[in-house]
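First comes the structure, then the notes that go with it.
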Amino acid sequence: MQLYYYEVMNPRKACAVAKYLELPVEFVHVDLGKGEHKTPEYLAMNPNGKVPTLKDGDYTLWEANAIMCYLSNAAKSDLWPQDVMRQIEIMRWLSWDSQHFVRATVSIYFERLIRPMFNLGPADEAALTEAETNFKHFAAVLEQHLTDREYLVADKLSVADFAVGVTFPYAEKIKLPLAEFPAIRRWHDRLNQLPAWQNPFPKRPKQ
């Protein structure tokens, strides 16, 4: 299997799952700064021109959440359980994250980290204000859910935790307003005990 990635948010969760499961995955770096995600060869694999992308023989898969589930299934891991009701609960959190929570966090991430990384100009303060308001609204939902839980679904680590938590390793850099959410902080501290979560990306030679 080849997992195409760049050191940004969405590939982070797919790479973390691959490392956590210790799968025989070849990590293939795609340099977004050089436009390698826009080459005809890459677009033939992923017409969205995004990372990550997974190739397993003749099968190609894009979208990080789907890749996490595929890798977990390949490893016969409980990160993506066989129990249908737990799958449905995981899908609930994956949907909530993509439709609500990550929309706020990714906007903050983009304005405070991606813009300077790729020299895209100063942060849009109006967008930041709106994103922080939305973040606090949906973080309150997550906070309440995690108050008496260790993990999101059935108190077992799953792909839902990898998905919903993906912005938090950047929390300090992007100044996420986490002070009022102690349950979220405890939950992410628990994720940070996983070496694969701390260091999901393979080491590359310095350019």
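This is a predicted model, so every value here is computed, not measured. All residue numbers refer to positions in the sequence shown, counting from 1.
Nearest heavy-atom pair across Val17 and Ser72 is CG1-OG, 4.0 Å. The two residues Ala160 and Leu152 make their nearest non-hydrogen contact at O-CD1, 3.6 Å.
The side-chain contact (heavy atoms from CB on, under 4.5 Å) check on Glu130 picks up Asn134, with sequence neighbours excluded. When the side-chain contact (heavy atoms from CB on, under 4.5 Å) test is applied to Ala131, the partners found at least two apart in sequence or on another chain are Ser107, Ile108. Considering only residues two or more places apart in sequence or on other chains, Ala64 meets the side-chain contact (heavy atoms from CB on, under 4.5 Å) condition with Asn10, Lys13, Pro52.
At distances below 3.5 Å, not a single donor-acceptor pair connects side-chain atoms of Gln2 with backbone N or O atoms of Glu26. Using a distance-only test at 3.5 Å, with no hydrogens or angles considered, no donor-acceptor pair links the side chain of Glu111 to the main chain of Ala123. A distance-only check finds a donor-acceptor pair linking the side chain of Arg190 to the backbone of Glu150 [under 3.5 Å]. Gln87 places a side-chain N or O within 3.5 Å of a backbone atom of Pro81 that can act as its donor or acceptor partner. Of the possible polar contacts, one joining the Arg185 side chain to the Leu178 backbone as a donor-acceptor pair under 3.5 Å is found. No donor-acceptor distance shorter than 3.5 angstrom exists from the side chain of Glu36 to the backbone of Val30, with no hydrogens or angles considered. Of the possible polar contacts, one joining the Lys19 side chain to the Asn199 backbone as a donor-acceptor pair under 3.5 Å is found. Judged by distance alone, the side chain of Tyr20 and the main-chain N or O of Leu194 form no donor-acceptor pair under 3.5 Å. Between the side chain of Ser95 and the backbone N or O of Met91, no donor-acceptor pair lies under 3.5 Å. The backbone N or O of Gly35 lies less than 3.5 Å from no partner atom in the side chain of Thr39, so there is not a single donor-acceptor pair.
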Q: Could you give me the CA-CA distance, side-chain angles and deciding distance for Met1 and Leu71, then say whether side-chain contact (heavy atoms from CB on, under 4.5 Å) is met?
A: CA-CA 10 Å; Met1 285 188 285; Leu71 293 173; 4.0 Å; yes
Q.
Working note: Arg12 + Tyr170, criterion side-chain contact (heavy atoms from CB on, under 4.5 Å); need CA distance, chi angles, decisive distance, verdict.
A. CA-CA 11 Å; Arg12 191 183 204 285; Tyr170 309 98; 3.2 Å; yes
Q) What's the verdict on salt bridge (Lys or Arg N to Asp or Glu O under 4.0 Å) for Glu132 and Arg112, showing C-alpha distance, side-chain angles and the deciding distance? A) CA-CA 12 Å; Glu132 288 183 350; Arg112 290 195 171 131; 2.9 Å; yes
Q: May I have the step-by-step check of side-chain contact (heavy atoms from CB on, under 4.5 Å) for Phe101 and Val141, ending in yes or no?
A: CA-CA 10 Å; Phe101 191 58; Val141 175; over 6 Å; no
Q. Would Thr60 and Thr53 satisfy side-chain contact (heavy atoms from CB on, under 4.5 Å), going step by step from the backbone distance to the final call?
A. CA-CA 7 Å; Thr60 303; Thr53 300; 3.8 Å; yes
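Atom CE of Met9 sits about 4.5 Å away from atom OG1 of Thr167, to the nearest 0.5 Å. Taken from CG in Leu54 to CG in Asn46, the straight-line distance is 11.0 Å, to the nearest 0.5 Å. Note that OH of Tyr6 is 10.0 Å distant from NE2 of His37, once rounded to the nearest 0.5 Å. Here the OG atom belonging to Ser158 is positioned 7.5 Å from the CG atom belonging to Leu94, to the nearest 0.5 angstrom. Lys156 NZ to Asp83 CG: the interatomic distance, rounded to the nearest 0.5 Å, is 8.5 Å. For the atom pair Leu32 CG and Lys38 NZ, the distance stands at 9.5 Å (nearest 0.5 Å).
Residue Trp62 is not grouped with residue Leu23 when hydrophobic side chains (ILVMFWY) are merged at heavy-atom distances under 4.5 angstrom, including chains of intermediate members. The hydrophobic cluster containing Met117 also contains Leu120, counting ILVMFWY residues as joined when their side-chain heavy atoms lie under 4.5 angstrom apart, directly or transitively. No single ILVMFWY cluster, assembled from side-chain heavy atoms under 4.5 Å apart, contains both Leu157 and Ile88. There is a path of hydrophobic side-chain contacts, each under 4.5 Å, that joins Ile67 to Tyr59.
With a 4.5 Å cut-off on side-chain heavy atoms, Leu79 and Phe162 count as touching. Considering only heavy atoms from C-beta on, Pro177 comes within 4.5 Å of Phe135 through its side chain. Between Val164 and Trp96, some side-chain heavy-atom pair lies under the 4.5 Å cut-off. Side-chain contact between His137 and His100 is absent, with no heavy-atom pair separated by less than 4.5 Å. Arg186 has its side chain out of reach of Leu146: every pair of non-hydrogen atoms, C-beta onward, lies at least 4.5 Å apart. For the pair Phe138 and Arg103, the minimum side-chain heavy-atom distance is 4.5 Å or more. Put simply, the side chain of Phe181 does not reach to within 4.5 Å of the side chain of Leu142, judged on heavy atoms.
A donor-acceptor contact closer than 3.5 angstrom links the side chains of Tyr70 and Asp56. Between His188 and Trp197, the side chains place a donor N or O and an acceptor N or O closer than 3.5 Å (distance only, hydrogens not considered).
Ring pair Tyr42/Tyr4 is perpendicular by interplanar angle, where above 60° counts as perpendicular and below 30° as parallel. Using the six-membered ring where Trp is involved, Tyr5 and Phe27 have ring planes that are perpendicular, over 60° apart on the 30 and 60° scheme.
Using a 4.0 Å cut-off between a side-chain N of Lys or Arg and a carboxylate O of Asp or Glu, Arg115 and Asp124 do not qualify as a salt bridge. Between Arg92 and Glu89, at least one side-chain N (NZ, or NE/NH1/NH2) sits under 4.0 Å from a carboxylate O, which counts as a salt bridge.
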